[in-house]
Amino acid sequence: MKKTPFRLTPYQVQWLLIVGFVTVGYALYLRYLAIEFSSAALACDAGLQTMLCKTRILVTSLFRNSVFGIVALIIATLNLLRPSIVLLTGGLISAGFGIVLYNVSLSGLAIGLLILGFARPAPATA
């Protein structure tokens, strides 16, 4: 019995495009308007308690510990072993955040593994 490679339907491709653009757009917003924007950074460091400042603190602690890259690499490895749209979506989200938010090496490796997941056969369905 021959297994076919993992392929996406047009609706799944559209879903991944929407998720990818939203993820990278929000990561760019956080990077350039919360983390690197000097007046926002100074206000947050002075003790301003807004949602933007709390998100800035959370994202800063996550990318300092390479959480985005590690999570992307774990999900991409799981997707390589057993490809699915759920793992592909999760890997795309974490790798998108990782590439924009300074975890480029691990997230880039995860993107490569996500692409290699298309060479694997799809899981057998009953």
Is the side chain of [X] donor-acceptor paired with the backbone N or O of [Y] at a distance under 3.5 Å, no angle test?
X	Y	result
Arg31	Leu101	no
Ser61	Leu58	yes
Ser84	Leu87	yes

Next item on the list: May I have the step-by-step check of side-chain contact (heavy atoms from CB on, under 4.5 Å) for Val19 and Gln14, ending in yes or no?
Entry: CA-CA 9 Å; Val19 167; Gln14 291 173 359; over 6 Å; no
Margin query: Using side-chain contact (heavy atoms from CB on, under 4.5 Å), reason through Leu114 and Leu80 one step at a time and then give a plain yes or no.
Written below: CA-CA 7 Å; Leu114 286 174; Leu80 185 63; over 6 Å; no
Looking only at non-hydrogen atoms, find the nearest pair between [X] and [Y] and report the distance.
X	Y	answer
Phe68	Gly98	CB-CA, 3.6 Å
Ser107	Gly69	OG-CA, 3.7 Å
Gly91	Ala72	O-CB, 4.4 Å
Gly96	Ala27	O-CB, 4.5 Å
Ala76	Leu113	CB-CB, 3.7 Å
Gln12	Arg7	OE1-O, 4.2 Å

Between [X] and [Y], is there shared hydrophobic-cluster membership here, with clusters defined by ILVMFWY side-chain heavy atoms closer than 4.5 Å?
X	Y	value
Ile57	Leu30	no
Leu116	Ile74	yes
Ile111	Val22	no
Tyr29	Ile35	yes
Val104	Leu28	no

Item checked: Chi angles and distances behind the side-chain contact (heavy atoms from CB on, under 4.5 Å) call for Val100, Tyr26 -> CA-CA 10 Å; Val100 175; Tyr26 186 63; over 6 Å; no
Next item on the list: Please name the residue in the list Asn103, Leu106, Ile75 that meets the side-chain contact (heavy atoms from CB on, under 4.5 Å) test with Ile70.
Entry: Leu106
Note to self: So if I apply the side-chain contact (heavy atoms from CB on, under 4.5 Å) rule between Thr89 and each of Val86, Ile93, Leu92, which one comes out positive?
What the structure shows: Ile93
Next item on the list: Please step through side-chain contact (heavy atoms from CB on, under 4.5 Å) for the pair Thr55 and Met51, ending with a clear verdict.
Entry: CA-CA 6 Å; Thr55 306; Met51 191 65 180; 4.3 Å; yes
Next item on the list: Could you tell me whether the side chain of Val71 reaches within less than 4.5 Å of the side chain of Phe97, counting heavy atoms only?
Entry: no
Item checked: Beyond-backbone contact of Thr50 with Cys53, side-chain heavy atoms, under 4.5 angstrom -> yes
Distance in Å, [X] [atom1] paired with [Y] [atom2], rounded so as to fall on 0.5 Å steps:
X	Y	atom1	atom2	result
Phe37	Leu42	CZ	CG	10.0 Å
Ser94	Ile99	OG	CD1	10.0 Å
Leu33	Arg56	CG	CZ	12.5 Å

Margin query: side chain to side chain donor-acceptor pair (under 3.5 Å) for Tyr102 and Arg64? Distances and angles first, verdict last.
Written below: CA-CA 8 Å; Tyr102 311 109; Arg64 281 188 183 156; over 6 Å; no
